[in-house]
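To start, the structure itself, in structure tokens.
Positions are given from 1, in the same order as the sequence printed here. Keep in mind that the numbers below use all heavy atoms, side chains included, and drop hydrogens, waters and symmetry copies.
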Amino acid sequence: MTVAIEKPGNPGQTKQAEPPPPAAPVRRISRSMVVAAILAVWLVLFAVLRGKQTLSLAAADLTDLHRWLNDVNDSIGANRNSNPLFLYGFNEIRLVIDNLVTFVQDLISQPSGDRPLPQIGWLGVVGLAGYVSWAVANWRVALLAVAGFTFLGLQGLWQESMDTLALTLSAVLVALLFAIPLGVWAGLSERANRIVTPFLDFMQTMPTFVYLAPLTLIFLIGGASATIATVIYAAPPAIRITAHAIRSVPATTVEAAASMGATRRQSLLKVLLPMSKRTVVMGINQTIMAALAMVTIAALIDAPGLGKTVVQALQSLDVGTAFNAGLAIVVMAIVLDRVTTAASGRAEAARRSGSPLLKWRRHLLAAGGVVAAVLVYLSHTYLWAAEFPGDGGTGSNIAKAADNVTTWAQDNLSGLTNGFRDAITNGLLNPFQTLLTDSPWWLVGAALIGIAVVLGGWRAGVTTAVCVGLLVATGVWSDGMTTLASTLVATVLVMLLGVVIGVWMGRSALVDRLVRPTLDAAQVMPPFVYLVPFLALFGATRFTAIVAAIVYAAPVAIKIIADGVRTVPATTVEAATSTGCNTWQIITKVQLPMARGALTLATNQGLIYVLSMVVVGGLVGAGALGYDVVAGFSQGQLYGKGLAAGLAIVLLGVMFDRITQAAARRTSN
């Protein structure tokens, strides 16, 4: 702004006042600088206060909270059949679930009544699998289903596989009975969506291990607890995806139906559900995959099936048996995934194919139904069709080959694998673990709260403060810090892998097409399966759990980063290229900074996946909270400590989730 000033002695003449000098730019302190300052202060105080107030607790020691939880467990066991809450509530739920699981097991896996074999033998199950796959998908998927189920029998794991399938089907049925209506409700009502979302966030944040201990307290060890735990873990994807599908139907279509006099019920049944069917089926696919993963982990609470075989083999370090059973889990997962994935797009794929057999489809399905019914009858009536033939020689050969490969790897690659393990352990894991476990608890808590406030805001700081306080109260602070160290180290390595491969995929459509199927296949496999090959390479150590966690969590991080890099506008990249930027400068100065939201989201998902897998690694020497949970199942006097460890895992997961989600929102704004 200029001001006219009248010259002295010259009325009417003015001169322009000089504009004020520009204000000196204010230098803003970045969040990364503040985080670096917090870490520097932490290191200085660690050097002074090392080893003081660390809240360490020996493996066999208990706190008052742990003893109180043991007393609660004993009290519930003593009053289970007299307490009205159990007598008319939890016991009835357990009875209903037990009856459902027993009914499905009687059909396909366990002896039924006076019969030495189930109602439907192997030939009937294979026939039904092929027919259902053909009916809901296509003939190629039907052949895959028949081949996959036959392979399960050739492995010598038919009954174990059918037990796993029975538990999975039971859990999926119960989950969908609740999930689909809740998803529709959340899709129709924004208020309902706001109510449901926090519960879904909590259910999906909790690592799979954590569901088991409290459920055994209420529903006892066995199939009922395993099924209920699986329902809790598997229902959220179906609820979320169903709600998203309902909300994605164009509003104009719904308005057109209403203008023609359709009621809300008619709009739902005739418009919303038919138009969202494909997406809802994808939600069912995710529920089935989650259920299969959880059913195998539920072997820790005596759930029958392939998971129990894997757990027993891992505990005895029998790599061959674990690999054979793990392969069976992968085969079942692939079959179920392909069937439901193909089912979601069957109608559209059939229209595009233009096959002349489409008009005969109903007649062919009817004929196929007759064939399937005949196979079921034969398997119910004749022993040769009921009991899978052979002695499982294929499985024995697979286990033997896995053992031979393990022996060869240990003899010839031990120098390489041990060197890699020692480099990461001594160079990264041990120093970081020492910093967390040997610092005073209040110093670690203050640093975590400060970092949460800087990265996620005051709400994330409050959440972190509450989680830190409750972690101290659980009495397993030191074990929690050990798990925290392993989780953060694994997450750093996941993000390094995610950035390298994700940027490569995001910049090249060819690389994306080549790599993405492998990532999709990796996400199908249940967590247990990842432990087996790395147990062979690295032995039973915490490093085995970390490497398995990296491989388990990397696919989701890679895909998120690749999608984030791909969404950077091409015009922006072209503008940077025209100014003379090379490839490295474009990646580091343009694409990664503009994909910060995707990077933060990838960190969030990587942390949650890594945390769940590091805890599962308690089966192969990871120790810390994972060991506490497993020991709580197997040793009655440590039940309370295991329950407290499960709560500590939840608190770590909630803390990670809230900080990274808040940081993602701040970077995207």
Spatial distance of atom CG (Leu182) from atom CG (Leu200) [nearest 0.5 Å]: 8.0 Å
Electrostatic pair Arg115:Asp106 at N-O distance under 4.0 angstrom: no
Side chain to side chain, Val339 and Ile288, heavy atoms closer than 4.5 Å: no
Audit row: Leu215, Ile232, side chain to side chain contact (heavy atoms under 4.5 Å, CB included) steps and yes/no: CA-CA 11 Å; Leu215 288 174; Ile232 295 172; 4.1 Å; yes
Value rounded to 0.5 Å, distance of CG in Leu152 from CD1 in Ile329: 10.5 Å
Nearest heavy-atom neighbours spanning Ala553 and Tyr609: CB-CB, 3.6 Å
Residue pair Ala224 / Arg94: nearest heavy atoms and the distance that separates them: CB-CG, 3.6 Å
Residue pair Ile649, Thr483: steps toward the side chain to side chain contact (heavy atoms under 4.5 Å, CB included) verdict: CA-CA 9 Å; Ile649 295 167; Thr483 297; 5.7 Å; no
Exam field: side chain Asn285 to backbone Thr340, donor-acceptor pair closer than 3.5 Å: no
Distance, nearest 0.5 Å, that separates OG1 of Thr168 from CE of Met289: 8.5 Å
Phe149 side chain near Val331 side chain, heavy-atom distance below 4.5 Å: no
Audit row: Tyr552, Val610, side chain to side chain contact (heavy atoms under 4.5 Å, CB included) steps and yes/no: CA-CA 7 Å; Tyr552 179 60; Val610 164; over 6 Å; no
Sidechain-backbone polar pair: Asp628 side chain, Ala645 backbone, donor-acceptor under 3.5 Å: no
Within-4.5 Å side-chain heavy-atom neighbours: Thr474 and His66: no
Under 3.5 Å: donor-acceptor pair, side chain of Ser379, backbone of Val376: yes
Minimum side-chain heavy-atom gap Ile228-Ile93 below 4.5 Å: yes
Non-hydrogen side-chain atoms of Val654 and Cys467 separated by less than 4.5 Å: yes
Residues which pass side-chain contact (heavy atoms from CB on, under 4.5 Å) with Ala373, listed by chain and number, not counting sequence neighbours: none
Straight-line distance of Trp68 CH2 to Leu643 CG, nearest 0.5 Å: 9.5 Å
Test item: Ser133 side-chain N/O and Ala129 main-chain N/O as donor-acceptor pair under 3.5 Å: yes
Side-chain (Ser75) to main-chain (Asp71) donor-acceptor, under 3.5 angstrom: no
Residue pair Tyr639 / Leu69, side-chain heavy-atom distance below 4.5 Å: no
Donor-acceptor contact present, side-chain His380 to main-chain Gln119, <3.5 Å: yes
Gln155 (side chain) donor-acceptor with Asn324 (main chain) under 3.5 angstrom: yes
Between OG on residue Ser109 and CD1 on residue Ile120, distance to nearest 0.5 Å: 11.0 Å
Check: Phe388 and Leu123 side chains under 4.5 Å, non-hydrogen atoms: no
Minimal non-hydrogen separation, Leu652 against Gly480, with atom names: CD1-O, 3.9 Å
Whether Thr253 side chain and Val249 backbone form a donor-acceptor pair below 3.5 Å: no
Residue pair Asn193, Leu188: steps toward the side chain to side chain contact (heavy atoms under 4.5 Å, CB included) verdict: CA-CA 8 Å; Asn193 188 53; Leu188 294 174; over 6 Å; no
Under 3.5 Å donor-acceptor, Thr227 side chain and Ala171 backbone: no
Sidechain-backbone polar pair: Asn99 side chain, Leu95 backbone, donor-acceptor under 3.5 Å: yes
For the student: nearest non-hydrogen atoms of Thr309 and Thr321, plus distance: CG2-CG2, 4.0 Å
Phe323 atom CZ, neighbour heavy-atom count above 12 within 6.0 Å: no
Met655 side, atom CE; Leu470 side, atom CG - distance, nearest 0.5 Å: 11.0 Å
Ala325 versus Val310, closest heavy-atom pair with distance: CB-CG2, 3.6 Å
Nearest non-hydrogen partners of Val494 and Ala554, listed with the distance: CG1-CA, 4.1 Å
Side chain proximity check, Asp302 to Lys308, heavy atoms < 4.5 angstrom: yes
